[in-house]
Chemist: 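A single structure is presented below for examination.
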Amino acid sequence: MAGLCEIGGGYLIWLWLKEDKPMWFGLIGAIILIAYGVVATWQSANFGRVYAAYGGVFIVMALLWAWKVDGFKPDNYDIIGAAIALIGVCIIIYAPRTT
């Protein structure tokens, strides 16, 4: 949910500033970005670790958004890079740790 808020809010601001959409696009985008900040705090784990893992998931979500919303077709290098990011996410989340 945090990723959708961040990407969606940023996208609306992008449309307002770069595609000459009405200012209300930017205002709604800003509200959605504020919601992203709130949603991100709902995580119960360590802030830094959650955000590190979120970064890898965000990469995949951004490519999916670009593909489905913007019509951008990810190439093999985009897919390989996203896969590497997800491997990193798995290492961060599932690595055995001593407490």
Side-chain angles (χ1 to χ4, degrees):
M1 187 170 179
L4 289 176
C5 287
E6 185 177 6
I7 295 168
Y11 186 71
L12 288 173
I13 291 175
W14 173 275
L15 290 175
W16 167 50
L17 293 173
K18 299 287 190 174
E19 304 290 331
D20 295 322
K21 297 294 183 186
M23 185 171 40
W24 64 266
F25 273 62
L27 293 174
I28 292 173
I31 291 166
I32 293 170
L33 285 171
I34 290 168
Y36 152 72
V38 173
V39 169
T41 67
W42 294 346
Q43 306 304 316
S44 59
N46 175 277
F47 178 84
R49 189 169 289 142
V50 166
Y51 263 66
Y54 167 74
V57 173
F58 180 83
I59 289 168
V60 173
M61 289 183 71
L63 286 172
L64 289 171
W65 181 283
W67 180 29
K68 295 298 183 181
V69 175
D70 260 354
F72 165 82
K73 186 168 183 341
D75 63 19
N76 289 336
Y77 295 106
D78 295 321
I79 294 167
I80 291 167
I84 291 169
L86 287 179
I87 290 168
V89 167
C90 289
I91 292 169
I92 290 168
I93 293 173
Y94 298 114
R97 294 184 169 86
T98 58
T99 55

Chemist: Check for me, please, whether Ile32 and Tyr54 land in the same ILVMFWY cluster - side-chain distances under 4.5 Å, paths through other members count.
Modeler: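 Same hydrophobic cluster.
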Chemist: Please give me the minimum heavy-atom distance between Trp42 and Met1, naming the atom from each residue.
Modeler: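 In this case the closest contact between Trp42 and Met1 is CZ3-SD, 4.1 Å.
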Chemist: Of all heavy-atom pairs between Tyr77 and Asp75, which one has the smallest distance, and what is that distance?
Modeler: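 Distance-wise, the nearest heavy atoms are N-OD1, 3.0 Å.
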Chemist: Cluster question for you: counting only ILVMFWY and a side-chain heavy-atom cut-off of under 4.5 Å, with indirect links fine, are Leu27 and Tyr36 together?
Modeler: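 Result: yes, single cluster for both.
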Chemist: Which of these, Ile91, Ile87, Ile92, Ile93, sits in a side-chain contact (heavy atoms from CB on, under 4.5 Å) with Val89?
Modeler: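 Of the listed options, the one satisfying the test is Ile93.
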Chemist: Taking Tyr94 as the starting point, is it possible to reach Tyr51 by hopping between hydrophobic residues whose side chains are less than 4.5 Å apart?
Modeler: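 Both belong to a single hydrophobic cluster.
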Chemist: Distance from Ile28 atom CD1 to Leu33 atom CG, nearest 0.5 Å?
Modeler: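 The distance works out to 12.0 Å.
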Chemist: Of the non-hydrogen atoms in Ile59 and Ala85, which two are nearest, and what is the gap between them?
Modeler: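 Between these two residues, the closest heavy atoms are CD1-CB, 3.7 Å.
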Chemist: What are the two closest heavy atoms between Asp70 and Tyr11, and how far apart are they?
Modeler: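 In terms of heavy atoms, the two residues are closest at OD1-OH, 2.8 Å.
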Chemist: Between Val69 and Ile7, does a side-chain contact (heavy atoms from CB on, under 4.5 Å) hold up when you go through it step by step?
Modeler: CA-CA 11 Å; Val69 175; Ile7 295 168; over 6 Å; no
Chemist: Are Phe25 and Trp65 joined in one hydrophobic group, where the rule is that I, L, V, M, F, W and Y side chains link up if heavy atoms are under 4.5 Å apart?
Modeler: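 Yes, because Phe25 and Trp65 connect within a single hydrophobic cluster, where side-chain heavy atoms sit under 4.5 Å apart.
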Chemist: Mind listing the closest non-hydrogen atom pair of Leu63 and Ala82 along with its distance?
Modeler: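 Closest heavy-atom pair between Leu63 and Ala82: CD1-CB, 3.9 Å.
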Chemist: Treating Ile, Leu, Val, Met, Phe, Trp and Tyr as nodes and any side-chain heavy-atom pair under 4.5 angstrom as an edge, say whether Leu4 and Val57 lie in one connected cluster.
Modeler: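 Yes: a chain of side-chain contacts under 4.5 Å links Leu4 to Val57.
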Chemist: Locate the shortest heavy-atom distance separating Trp16 from Met23; write the atom from each residue and the value.
Modeler: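 Nearest pair, atom of Trp16 first, then Met23: NE1-CA, 3.3 Å.
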